[in-house]
Structures are given as structure tokens and as C-alpha cells.
Amino acid sequence: MKLHLNFVNVPLPARIVSIVDEAPDIKTFVIRYDRSAQVLPGQFVMLFPGRLWEIPISVAWTGDEEIALTIARVGKVTSALFQMNVGDKIGVRGPYGRPWPMDLLRDGRVLFVIGGLGLAPVLMAFEQLNKATLVYGARSSRFLLYRDRYDRWKREGKEVLLTVDRASEEWDGHVGVVTTLLDEEIVSSHDYAVVAGPPIMMKFASEMLEKLGMESDRIFLTLENHMKCGVGLCGHCRVGDKYVCVDGPVFSLKEIRRLEEWAAGEVI
Amino acid sequence: MLKRLTWEQVRDVLRNLEGMGYTVLHPAKNEFGDWIPRQGIPERWPEDFPNYLFPFLREIVLPSTEPVFDTADYRPIFHTYGKIAFFGARPCDATALAYTDAFYLERLFRDKHYEKRRKDLFVISVACTRPCENSFCRTMGAGPFAGKGFDIQLYPVEGLWYAEAGSDAARELLRDYPDADAGRLEEWRKKVLERFPLYDRTKLRYPVPSPVRDFLSDRCFSCGGCIWLCPTCTCYNERQPAGLNVVVREQDACLLSGYHRLAKGASLRPTMKEMMGFRYECKLGIGFCTGCGRCSTTCIGYAAMDAYLEKTLGGE
């Protein structure tokens, strides 16, 4: 039986309970939202800052009736959000979207290949898995997110490999784009890969993972696309014959290849 | 269920619908010679009615602009027209309605705004006997008769009206009328079908060959006219209009650059060719085109379906 959910495109009123500075022009908004328990790793919510329009934002982590959204100031709506304060009313709808395939990922060792703000949509998944390695790159050390969690992850037995595109004076770690940390050894010691970050980084990282021996149905990516509704109706996020908001945002590389074939007319 | 009615009995059905609280709309010409839906029971069926230029059925279920919620208290706003019996819908538009029903009501999320208005809509389509200008509905399986999307479909057969019921409400309304001869209707349908052009549907598919896509995108003015008039174009945008405390959803057009614009002015599809490809992916790849021909009628640049057909099929 197909499940239909009634959808009324109206956000629910919620409150900002804290705002954390993560990096220059990147903040985490913690919002009191009573549907937080429904959020699965990799899902997103539609956020309405009280004016303008709604935008889709991945949920970084959830707490007791709380969701945390890590947001970069880029356009009009995020600029409006950055003017908001603790205690302000904010509209939230969701959670929406296909989450990371956690049942599958729990069965194996998972390699997370992440760039910049891409750490937000994978944070819950990474923290819930026991056998996981994080390969994480950012523009510079100031842009590495959630730095206070790295030691805990290492104590839990997870490997954390960091890199920056440009090193500052205090940085003594690896320098270079995130794919420079990938080699045959690290790929062959993992069963699955999760890739998130800027589109160009995801393209190169997933191609490299495949070249190093990871099969395309074991590589998962999150496509963050232009969305207006989040529920598959407004049409904006369509890629080929799929709607990123309901058929994704998580896709395997194999599914993405099929979309490319569809667009080329090879699948009817 | 197939019934046989006289014109007076068709009017009785419309009167019954009025009695059930429906506002009956029928095609009529205004003072400028445009076909518009007019309220009331028509005296006669207008033989010269091709179709409305504007897709009124789409407009009833999905208004071009509608308020959705109040920004002060997040109260939902439901915009409704009340109960409407739409008499004289053409089969292509009934088929388009079936497409939008499937999209808005039968996928993961069911749109309550759409559903409320759809429940209040009773569609009486009238089968076509002549092709409209620019139409290729037979090729797209949406005309001259609809297979879905109607409550009642009427066929003007030999001075009578054969009525096919498409819903339980229609079966109830038509119950007491005499049965019609299905064989006779089939013969009539065959004769009518011959008047409608049939192209090779297998050639009309995505991806559009690059020279055709380039021709269309070079000629497109990006006015959006084809999309405002397409009965299956329902993409929408949501925003708060300046100075108003409501968020509205309004129809959006994928041949306008704003549709693809991201934060800070970036664009997913910065060129006309990419936008044109995106449109044809939807209309032919997914299959939302009914072949009604409105886009060709309104296009000022020869960049719509007529140009596409000419360029793809050549002399066929």
C-alpha cells in the first residue's frame, strides 16, 4: 500500500534556543521543535525566518525536542536568519527526504569523505555508527566544523583525518583537497562510502572512490538542490525523473548514474 | 456506464448539479470574441467552440497565485471557489487534470490545498470532433476523447449525447437515462479519429536532439507564455510579497531564469539551452504533454511544440 501524507505547506512555529558560532559566516541554530524525534540522519527541514521564503536545511543533530541546523550566510534568507536572536520565533516544517541507509551502513565499515559544510548532513550518521572513518577537508582550519567533537570521536575508536586547502601558521596537519587523503588502502579497508560537500568536491571524490575500487552502489551522496516545497510538488529540485526532496537527497552513485543515463535517453 | 441523452436531458443533468450546490460553468464568447467560462445552463452547445486558450481547469485546482499561510501566526489560508461543475472541458484538459491529480494527490505527499478544490470540482468533458489549431492530442493519447480526468464525458453522436460516466457521482446522476449502444459509439469514434493527425510518438521523446534544442532556445524570448498556458505546468514558487503578511505560492516557469536561481545569484541552469532541455525533459521525458497546442498558439518566437514537431518530424 502506498503511503500518502497530508501536506499543508505551512510551517510550525518553533523557537531559537541557542546560536553557536562555528566558523566565519557559519552558525549553528539550535531550535526547540517538538518533532525532533522524527528526524532520521540525512533528512532536512524547511526553515522560514518569519519573512521572505522557506529554505531547506539539513539537520546536523537532534536533542530532546531540539534540532540543530548549521547554516552558512549566503543569500537573502540566510542573511535574515543571521539577524535573528535567541528566543525569536522561527517556522519549521519537516523532517523530509530519504535518509542515509543506516541499516546498510551499520553492517560495515564506512568511509566518510566530507568537504566543508557537508559535515552537517552526515553528523548524525557518523556519530551513530561504530565503525567509521572521517576524511574531512575545509578551506582553512578556521572552517573545520564541530572541532570540540573530534577528540571524543577518536576516543570512540573512530579515525579522523583532517585536511585544509590553505594552511595557516598554526596548522601542522595535512594540506590539500580532501581527495589527496584517499588511497587504495583506505578505500579497500571500508565497505561503504558517504560523500557530502560542494558539488565539485563530490564529483571528484566519488569518481576517485570508484577508481580505487569502491562499487557505485556502495557510495552514497547527498544532493542538495534548489527546493521550494520539500515534498515533491513545486518542481524545482527535479533532476531527470527524480525529485531530490522526496526521492533523495541521499542517492547512491549508481542511482545518480542512472539519472544521467535517463537524461541521455538511454532509459525509458 | 454508457447512456444516451437528448440535449434537454443534458441540461437536466446540469440543473440537477445546480440543485446539488454546484455553480455550472459553460463555454461562451465574451464581447472581444474570446471563449470564457460563463455561469449558468447553456441554451445550446456552441458547435464552434475549439477550447479555451487559458487552462481554466488548472486554474481552478491550482490558482496561478494563492495565499497559503499568515506569517504572523502561521495560520493556513485555504482559498476556495466553492463547488464548480465545469461543463464543456475538452478531453486534453481532462487528461491534464488526471496528470495533475496523480502528481498532487497520489504521490508521497497529498497537497491539501489542491485536494480541497479538486473535491469540489465536477468535470463534464465534451469529446472533440475536429482538431484545434496546432494540436496533436491524438499522438499524445489525450484526445479527441479522454480516458480519464472526467466525471462525465459526452459524445455528440447523431443528434444525441452519449454520456460516459467516470465517477460514482456521475453514475448516480445518469442512472435513470436509457443505455446507449456501445457499438454505435465505437463506429462514431473511429470516424472522428480519422480527422485527427497522428505522428510517430516514439520520435517525440527526450532527449531533444541538440540541433532542435538549440533552434528552440535560440528563438525563445523567455516570456513564459507557453508555461502560463500549459494545462500540466504546475511548478510553483513560494514567497512573501512585499508589504503583505502572507506567504503566497505562485506559478513558476522553468523557461525564466529566476526559476533556476540560487542564493547569491548563482544558477543551476544558466543558459537558455539548459532551461529548454529541462522543460522538454518534463514534457516529453516524464510525459506531461497532452498535445493541446496552446504553447504553439501563444508563442511569438516559433519556439514551442509546433516548431519542435516540424524540426523533429520534418515532412511527416
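Every chain is numbered from 1, with letters handed out A, B, ... down the list of sequences. Small disclaimer: the values here were computed from a predicted structure and weren't measured. What you see below is based on every heavy atom in this structure, not just the backbone, and it leaves out hydrogens, waters and symmetry mates.
- Between A:Val74 and B:Ala263 the shortest heavy-atom distance is CG1-CB, 3.7 Å.
- Listed for the B:Tyr74 side chain is a donor-acceptor partner under 3.5 Å among the backbone atoms of A:Gly91.
- Residue-environment remark: CG (B:Asp73) exceeds the threshold of 12 foreign heavy atoms within 6.0 Å.
- Of the listed residues (B:Pro76, B:Gly265, B:Cys235, B:Gly277), the one with the most heavy-atom contacts under 4.5 Å to chain A is B:Cys235.
- We find the CG-NE2 distance between A:Asn9 and B:His113 to be 5.0 Å, quoted to the nearest 0.5 Å.
- The structure places CZ of B:Arg107 at 7.0 Å from CG of A:Asp247, a figure rounded to the nearest 0.5 Å.
- Heavy atoms closer than 4.5 Å to chain A are found in the side chain of B:Val247, but not in its backbone.
- Classified by interplanar angle (parallel below 30°, tilted 30° to 60°, perpendicular above 60°), the ring pair B:Tyr259/A:His236 is parallel.
- Contacts of B:Cys254 with chain A are absent, with no heavy-atom separation under 4.5 Å from either backbone or side chain.
- Atom CZ of B:Arg269 has more than 12 neighbouring heavy atoms from other residues, nucleotides or ligands inside a 6.0 Å radius.
- Chosen from B:Asp252, B:Thr234, B:Asp70, the residue pairing most often with chain A at heavy-atom distances under 4.5 Å is B:Asp252.
- In terms of modelled atom types and a separation under 3.5 Å, the side chain of A:Arg238 and the main chain of B:Phe278 share a donor-acceptor contact.
- Heavy atoms of other residues, nucleotides or ligands lying less than 6.0 angstrom from CZ of A:Arg139 number 12 at most.
- When ring centroids are compared, B:Phe103 and A:Tyr243 come within the 6.0 Å threshold.
- When each of B:Gln240, B:Arg75, B:His260 is scored by its heavy-atom pairs under 4.5 Å with chain A, the top score falls to B:Gln240.
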